[in-house]
S.K.: 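The structure is given below, and queries will be raised subsequently.
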Amino acid sequence: MKNMKKFTALFLIPVISLALLTGCGSSSSSETTAESAGETDDIGDGSVEETSEDITESEDESKSVTVADLEADADGNVTITDMAGREVTFKANPTIWNSSPTAEGWLCAIVPDQIIGWAADFTEESLAYYPSSVSDLETIGGNYGTSTANEENILAVSPDVIINTYDCSETGLAATVASADATAEEYGIPVVCLSRDIEDSASCAANIGLWFGAAQRGYEVSVYIQALLDLVTEAADAAAAAGDIPTYYYAEQATGLFTEAVGSMHAAVFEYCGLENCVGDDISMSSMGGLEEVSLEQVIQWNPDYIFVWLDVAYQDITTSDEWSGITAVQNGDVYSIPLMPQNWFDRSPNSLRVLGCLYCASIVYSDYVSYDLTETISDYFDYMYGVELSAEQLAAIYCD
């Protein structure tokens, strides 16, 4: 497979077995939560984030864990606390519009039948990686980047709730709350905030399940996701302990001469994996949009150990031209294309597939430390999350441009 090293390490995900004990189906039961998951009223505020640690620490792997859905009030509504700390009330088991292509991977895995339409176009090829039940959904537009949703389109499909991924950190919280509140007022539809931090991925899955009437499935997915991320941190920690911290350059746009400054949300996968951004203090973040322009002379001076590339035209230029040939990453054959099926695994948008991006990145830069086979892990992911058994062609398309 093009642009990809072969990995032969043993595939070990012992923790994931816990998530499989109770199966993969969504739960609509409101029965009492098992003792290992805590009492039902512990999650009555509509947020599992504050109890997820208690759940995972008290789990007995010999027992199955069940999580109850929230009970609707007399009007058929539930009230939750979103990941920005906002209290939001909406119809139980709602139809959902994701106003940017960020939470769609989570929704497809947990509540696919409640998605009302796509924020951005999906090709027929990319849709084949998601559940068949979403293949006929129409694109209704979204608010992200330079795109603005058509208000008439949104009101025509009339979702019960809007979800989007926001900066829920302390520094970004005020702007997030203001933006979400403004969107809710504009459309007259409740807006729920999801965290964009990769470290919050397991909580994102659990919260989506709890909020939207599939608490059991959301919990199981959250355990599965955290186990995958733990594999990444284990490899990164082992490499760091050995003093093996490589540098990387993120080559964006057709020239490969746009990149991200340290701390950019667009470089979150690399930072989660513990890599060192070769740009250091030489450039700073000019805006949330990133894409800082640099010169080839700067990249040569930085001399990264690895280069990750966004577009095929840049990959071809970097790997074949004389101008890039003196860089360590090019000389060692350590230039890699970022997987784009069914969505970008690293960036633009900051979606759920960044979990796979972390696994992909770690398997490349920490090949001596990982305990999983990447291709097998990817196959299991799409099977478990979306019920899709990937063909050889689909797996190849992930790695190829």
Side-chain angles (χ1 to χ4, degrees), residues 3-7 9 11-13 15-16 102 105 165 169 195-205 224-252 259-280 285 290 302-310 315 328-329 332-340 343-378 380-381 398-399:
N3 305 349
M4 192 62 215
K5 288 183 175 178
K6 303 296 190 295
F7 302 97
F11 176 64
L12 295 172
I13 308 185
V15 183
I16 293 175
T102 53
T165 303
S169 68
S195 173
R196 74 180 186 206
D197 193 330
I198 293 175
E199 292 183 353
D200 292 336
S201 294
S203 293
C204 287
Y224 176 75
I225 291 300
Q226 189 58 57
L228 293 179
L229 288 175
D230 287 346
L231 294 176
V232 174
T233 55
E234 288 167 9
D237 289 347
D244 186 5
I245 304 177
T247 60
Y248 78 93
Y249 173 71
Y250 184 15
E252 298 180 285
T259 194
E260 298 299 326
V262 174
S264 169
M265 71 170 182
H266 302 290
V269 166
F270 304 110
E271 294 191 0
Y272 188 88
C273 291
L275 276 68
E276 180 182 345
N277 191 336
C278 72
V279 308
M285 190 164 52
W302 293 326
N303 195 30
D305 298 313
Y306 293 87
I307 296 177
F308 290 85
V309 188
W310 185 7
Y315 177 86
T328 296
N332 293 341
D334 284 320
V335 181
Y336 298 89
S337 290
I338 291 172
L340 302 175
Q343 294 176 261
N344 191 314
W345 287 15
F346 279 50
D347 182 25
R348 305 185 196 285
S349 62
N351 63 79
S352 63
L353 294 176
R354 291 183 303 168
V355 173
L356 289 180
C358 290
L359 289 160
Y360 173 81
C361 184
S363 66
I364 291 170
V365 301
Y366 302 133
S367 58
D368 293 335
Y369 305 96
V370 296
S371 60
Y372 56 92
D373 176 271
L374 181 64
T375 299
E376 187 172 353
T377 305
I378 292 169
D380 288 349
Y381 180 95
I398 286 173
Y399 298 135

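Remember, predicted model here, so these are calculated numbers, not experimental data.
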S.K.: Would you please classify the geometry between the Y381 ring and the Y224 ring as parallel, tilted or perpendicular, with 30° and 60° separating the classes?
M.R.: tilted

S.K.: Measuring from atom CG of D200 to atom CD1 of I225, what distance do you get when rounded to the nearest 0.5 angstrom?
M.R.: 13.0 Å

S.K.: Is R354 reaching over with its side chain to a backbone N or O of R196, donor-acceptor style, under 3.5 angstrom?
M.R.: yes

S.K.: Are I338 and Y250 side-chain neighbours, meaning at least one heavy-atom pair lies under 4.5 Å?
M.R.: yes

S.K.: Locate the shortest heavy-atom distance separating P304 from T328; write the atom from each residue and the value.
M.R.: O-CB, 3.7 Å

S.K.: Quick one: are N303 and C278 in side-chain contact, heavy atoms under 4.5 Å?
M.R.: no

S.K.: Using only atom types and a distance under 3.5 Å, with no angle test, would you say the side chain of Y366 pairs donor to acceptor with the backbone of E234?
M.R.: no

S.K.: Please give me the minimum heavy-atom distance between V279 and A261, naming the atom from each residue.
M.R.: CG2-CA, 4.3 Å

S.K.: Would D305 and T247 count as having a side-chain donor-acceptor pair, cut-off 3.5 Å?
M.R.: yes

S.K.: So, do Y372 and D380 sit near enough that their side-chain heavy atoms are less than 4.5 Å apart?
M.R.: no

S.K.: How about I398 and W345: do any of their side-chain heavy atoms sit closer than 4.5 Å?
M.R.: yes

S.K.: Are the side chains of F346 and W310 in touch, meaning some heavy atoms are under 4.5 Å apart?
M.R.: no

S.K.: Can you tell me if N351 uses its side chain to pair, donor with acceptor, with the backbone of S349 under 3.5 Å?
M.R.: yes

S.K.: Sub-3.5 Å donor-acceptor pair from the side chain of T377 to the main-chain atoms of D373, do we have one?
M.R.: yes

S.K.: Using a strict threshold of under 4.0 Å (side-chain N to carboxylate O), is an ion pair present between R348 and E260?
M.R.: yes

S.K.: Find out whether T233 and Y272 are in side-chain contact, i.e. whether some heavy atom of one side chain is under 4.5 Å from a heavy atom of the other.
M.R.: yes

S.K.: Measure centre to centre between the rings of F270 and F308, then say whether the value is under 6.0 Å.
M.R.: yes

